[in-house]
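Take a look at the following structure, please.
Sequence lines set the chain letters: A, B, ... in the order given, protein chains first and strands last, and positions in each chain run from 1.
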There are 2 protein chains.
Amino acid sequence: MLLTQAEENYLKAIFKINEKTNKPASTNAIAKHVSTSAASVTDMLQKLSGKSLIHYEKYKGASLSESGNKTATQLIRKHRLWEVFLFDKLKFPWEEVHDIAEELEHIRSDHLINRLDNFLGNPRFDPHGDPIPNAEGKFMLRNQSTLESLPIGQKCMLVGVTEHSVPFLQHLNGLKIKLGTQIKILEKQSFDRSMIVELDTKTQVTLSHSVVPNLLVKLI
Amino acid sequence: MLLTQAEENYLKAIFKINEKTNKPASTNAIAKHVSTSAASVTDMLQKLSGKSLIHYEKYKGASLSESGNKTATQLIRKHRLWEVFLFDKLKFPWEEVHDIAEELEHIRSDHLINRLDNFLGNPRFDPHGDPIPNAEGKFMLRNQSTLESLPIGQKCMLVGVTEHSVPFLQHLNGLKIKLGTQIKILEKQSFDRSMIVELDTKTQVTLSHSVVPNLLVKLI
DNA sequence: AAATAATTTTAGACTTGGCTAAAAATAACA
DNA sequence: TGTTATTTTTAGCCAAGTCTAAAATTATTT
Ligand SMILES: [Mn+2]
Ligand SMILES: [Mn+2]
Ligand SMILES: [Mn+2]
Ligand SMILES: [Mn+2]
């Protein structure tokens, strides 16, 4: 089926809300995601329901149907592959790739995205460490923990971030922390839940509680 | 100014018609270019005129204003750079790049297009031999002739095509003719204006009059 | 269990970009 | 120079996607 850019954006929003909450996406939650009014969301939910892309019941929120899920997954695949292109090939900083990928993800050509995937070396993760579904829509899983959950003395490596805002990513830039950076936990302050860690550059940095829970790491 | 995709497409159409005819673009000519009705074109011409992107007088056709020209040139720059990306990097055949570039050209980010230009090695011509304007909008000129105008015995090299249709480009594929192919003129048939040429592969082929005038060559 | 608050839906309107049919202007022809 | 033919514009309509304001429903308090 041929979907408009608007319809695609709603499906992606519902996907992300469903994924995070494991519940039907509420009208208001969707409205925030796509930056529009609740009334507009209701209109669109009725349309998407009519096209059998979502399951929707008045006042009960929306979740993706099988075909809606497939569409949303392909969109995420395109988004993340374009992010890899921008980051790896065009050398954009990781905090700038998302907005451009929001536009590129709507280019319609299976041929294009599969060649791009190949050109990039079939990457499994995007510049923020998020998994890239393959052409069949399968997400790659990975053993990962949040840095917060690890004990003093543990060594690990940054493999992802759960927060994608520009200020947060720039903050990490300032700390010289990026994907692949090795981290050893030296101290955990129970008072303010900050953490003192040593990086692979031998420098010590303090990570506040607005940083620590957003870092996904692999044990080493 | 922020333009819609539709507005951009109209500006590009007017640019191309102006370029080819050296006259204001007629409503009908534009309608053919953007595949729409004459009535819709009139509507849009009034809108573009209101935004000072074109010079337009009822019944007299349209031509680009300075700002309209700048916009159209940047679009062509984006279109042709994306074509180079698709052809050089993703290895698409030259007859498939145009349609995808029609979508990619509307992605808005100066940052992106300048990095792409750099990544591609600042190419001056696209996969069809058309010049790529630089960031300031300047087109590179080149000494070229149409194959038709050359005498028997002349050696030359294909540098561009004036026809971009899929069947035409596939026909050239079949003849093993691509940009860079060297051509020597062996015979010119005055009856049907066909031409017998020898390629750099030493093979001889006959080029009909629906092919010859569409080949742009450089003398060697 | 009411009353109040928050969320969601409906109703009605607007903008963009398209359409067809009819009117007006221009071009071509006899 | 009239008379046709063609082109262009106007007029009126439509679908998508948005909005605000009001009504309906559901959730939260007292
Ligand atoms: Mn992103
Ligand atoms: Mn990402
Ligand atoms: Mn093209
Ligand atoms: Mn081209």
Side-chain angles (χ1 to χ4, degrees), chain A residues 1-14 17-18 20-21 23-64 68 71-72 75 102-103 105-106 108, chain B residues 1-14 16-18 20-64 68 71-72 75 102-103 105-106 108:
Chain A
M1 198 186 329
L2 208 84
L3 301 184
T4 67
Q5 208 154 308
E7 291 170 326
E8 290 187 338
N9 284 334
Y10 277 95
L11 290 179
K12 202 167 47 127
I14 295 167
I17 296 165
N18 283 171
K20 185 178 304 185
T21 65
K23 276 186 290 185
S26 74
T27 301
N28 260 356
I30 298 168
K32 262 168 210 149
H33 244 268
V34 301
S35 306
T36 190
S37 71
S40 301
V41 172
T42 300
D43 280 353
M44 184 59 95
L45 292 183
Q46 286 164 351
K47 183 156 63 134
L48 293 175
S49 181
K51 294 188 176 186
S52 297
L53 290 159
I54 61 173
H55 302 300
Y56 169 61
E57 221 185 319
K58 260 191 180 188
Y59 295 102
K60 304 284 166 118
S63 52
L64 295 177
T71 304
L75 262 176
E102 285 288 305
E103 294 195 54
E105 73 190 5
H106 299 290
R108 16 178 131 269
Chain B
M1 198 186 332
L2 208 84
L3 302 184
T4 66
Q5 210 154 307
E7 290 170 327
E8 290 188 337
N9 284 334
Y10 275 96
L11 290 178
K12 204 167 48 128
I14 296 167
K16 295 206 162 161
I17 296 165
N18 284 170
K20 185 179 302 185
T21 65
N22 289 309
K23 274 187 291 187
S26 74
T27 301
N28 259 356
I30 298 168
K32 262 168 210 150
H33 244 268
V34 301
S35 307
T36 191
S37 71
S40 300
V41 173
T42 299
D43 280 353
M44 185 58 96
L45 293 183
Q46 286 163 352
K47 182 155 66 133
L48 294 174
S49 180
K51 294 189 176 187
S52 297
L53 291 159
I54 62 172
H55 303 299
Y56 169 59
E57 223 184 319
K58 261 191 180 187
Y59 295 102
K60 305 281 166 122
S63 53
L64 296 177
T71 304
L75 262 177
E102 284 289 303
E103 294 195 54
E105 73 190 4
H106 299 289
R108 18 182 129 265

**Prompt:** Phosphate oxygens OP1/OP2 of dC19(D): is one of them under 4.0 Å from a side-chain N or O of Ser40(A)?
**Reply:**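 Checking dC19(D) against Ser40(A), a side-chain N or O does come within under 4.0 Å of OP1 or OP2.
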
**Message:** When you measure from the side-chain N and O atoms of Asn28(A) to the phosphate of dA6(C), is any distance below 4.0 Å, counting only OP1 and OP2?
**Reply:**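 Checking Asn28(A) against dA6(C): no side-chain N or O falls below 4.0 Å of OP1 or OP2.
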
**Asked** With respect to the phosphate group of dT16(C), does any side-chain polar atom (N or O) of Tyr10(B) fall under 4.0 Å of OP1 or OP2?
**Response**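 Indeed not, no polar side-chain atom of Tyr10(B) lies that close.
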
**Message:** Once you apply a heavy-atom cut-off of 4.0 Å, does Ser37(A) come out as touching a base, just sugar-phosphate, or nothing?
**Reply:**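 Base contact - Ser37(A) has a heavy atom under 4.0 Å of at least one base atom.
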
**Item:** Protein-nucleotide distance (Glu57(B), atom CD; dT9(D), atom P), rounded to Å
**Value:**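 Nearest whole value for this atom pair: 11 Å.
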
**Request:** Using the side chain to side chain contact (heavy atoms under 4.5 Å, CB included) rule, take Thr71(A) and Leu64(A) through it: C-alpha gap first, then chi angles, then the decisive distance, then the call.
**Result:** CA-CA 10 Å; Thr71(A) 304; Leu64(A) 295 177; over 6 Å; no

Under 3.5 Å, which donor-acceptor pairs link side chains of residues 28-43 of chain A to any protein atom two or more places apart or in another chain?
residue  : atom : partner  : partner atom : Å
Ser37(A) : OG   : Ser40(A) : N            : 3.2
Ser37(A) : OG   : Ser40(A) : OG           : 3.0
Thr42(A) : OG1  : Ala38(A) : O            : 3.3

**Asked** Within less than 4.0 Å of OP1 or OP2 of dA23(C), is there a side-chain N or O belonging to Tyr59(B)?
**Response**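 The answer is no; no side-chain N or O of Tyr59(B) sits under 4.0 Å from OP1 or OP2.
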
**Request:** Could you tell me the separation between the OG1 atom of Thr27(B) and the NZ atom of Lys58(B), rounded to the nearest 0.5 Å?
**Result:**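 Between atom OG1 of Thr27(B) and atom NZ of Lys58(B) there are 12.0 Å.
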
**Message:** Distance check needed: dC19(C) C1' versus Met44(B) CE, whole Å only.
**Reply:**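 In whole Å, dC19(C) C1' and Met44(B) CE are 14 Å from each other.
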
**Prompt:** Which whole-number value in Å describes the distance from Asp43(A) CG to dC14(C) P?
**Reply:**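 So the CG-P distance, Asp43(A) to dC14(C), works out to 16 Å.
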
**Request:** Scan Thr27(A) against the nucleic acid and name what it touches under 4.0 Å (heavy atoms): base, sugar-phosphate only, or nothing.
**Result:**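 Since only primed, P, OP1 and OP2 atoms lie under 4.0 Å of Thr27(A), the category is sugar-phosphate.
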
**Asked** To the nearest Å, how far apart are Lys32(A) NZ and dA6(C) P?
**Response**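 From Lys32(A) NZ to dA6(C) P: 12 Å.
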
**Asked** Which atom pair, heavy atoms only, marks the closest approach of Asn9(A) to Glu105(A)?
**Response**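 Of all heavy-atom pairs spanning Asn9(A) and Glu105(A), the closest is OD1-OE2, 3.7 Å.
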
**Asked** Which pair of heavy atoms, one from Leu3(B) and one from Glu8(B), lies closest together, and at what distance?
**Response**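 Closest approach of Leu3(B) to Glu8(B), heavy atoms only: CB-CG, 4.0 Å.
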
**Prompt:** Do any side-chain nitrogens or oxygens of Lys58(B) fall under 4.0 Å of OP1 or OP2 in dT10(D)?
**Reply:**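 Result: yes.
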
**Asked** Thr4(A) side chain: which of dA16(D), dG17(C), dT9(C) is closest?
**Response**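 From the listed options, dA16(D) comes nearest.
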
**Prompt:** In whole angstrom, what separates Lys51(B)'s NZ from dT15(C)'s P?
**Reply:**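 Taking NZ of Lys51(B) and P of dT15(C), I get 13 Å after rounding.
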
**Request:** Return the value, rounded to whole Å, for the distance between atom CG of Leu48(B) and atom C1' of dT9(D).
**Result:**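 So the two atoms are 16 Å apart, to the nearest Å.
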
**Prompt:** Within less than 4.0 Å of OP1 or OP2 of dT25(D), is there a side-chain N or O belonging to Lys60(A)?
**Reply:**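 Looking at the OP1 and OP2 atoms of dT25(D), neither is under 4.0 Å from any side-chain N or O of Lys60(A).
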
**Item:** Spacing of Lys23(A) atom NZ relative to dA27(D) atom P, expressed in whole Å
**Value:**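 These atoms are roughly 11 Å apart.
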
**Message:** Can you tell me which nucleotide in dA11(D), dG17(C), dT8(D) comes closest to the side chain of Ala39(B)?
**Reply:**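 Taking heavy atoms from C-beta onward, the closest nucleotide is dA11(D).
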
**Request:** Please report, rounded to the nearest Å, how far the P atom of dG17(C) is from the CG atom of Leu45(B).
**Result:**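 Going from Leu45(B) (CG) to dG17(C) (P), I get 13 Å.
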
**Touch class at under 4.0 angstrom, heavy-atom based, for Thr36(A) against every strand present** =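 Sugar-phosphate only.
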
**Prompt:** Base, sugar-phosphate alone, or nothing: which one does Gln5(B) contact when heavy atoms must sit under 4.0 Å apart?
**Reply:**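 No contact at all - Gln5(B) keeps every heavy atom at 4.0 Å or more from the nucleic acid.
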
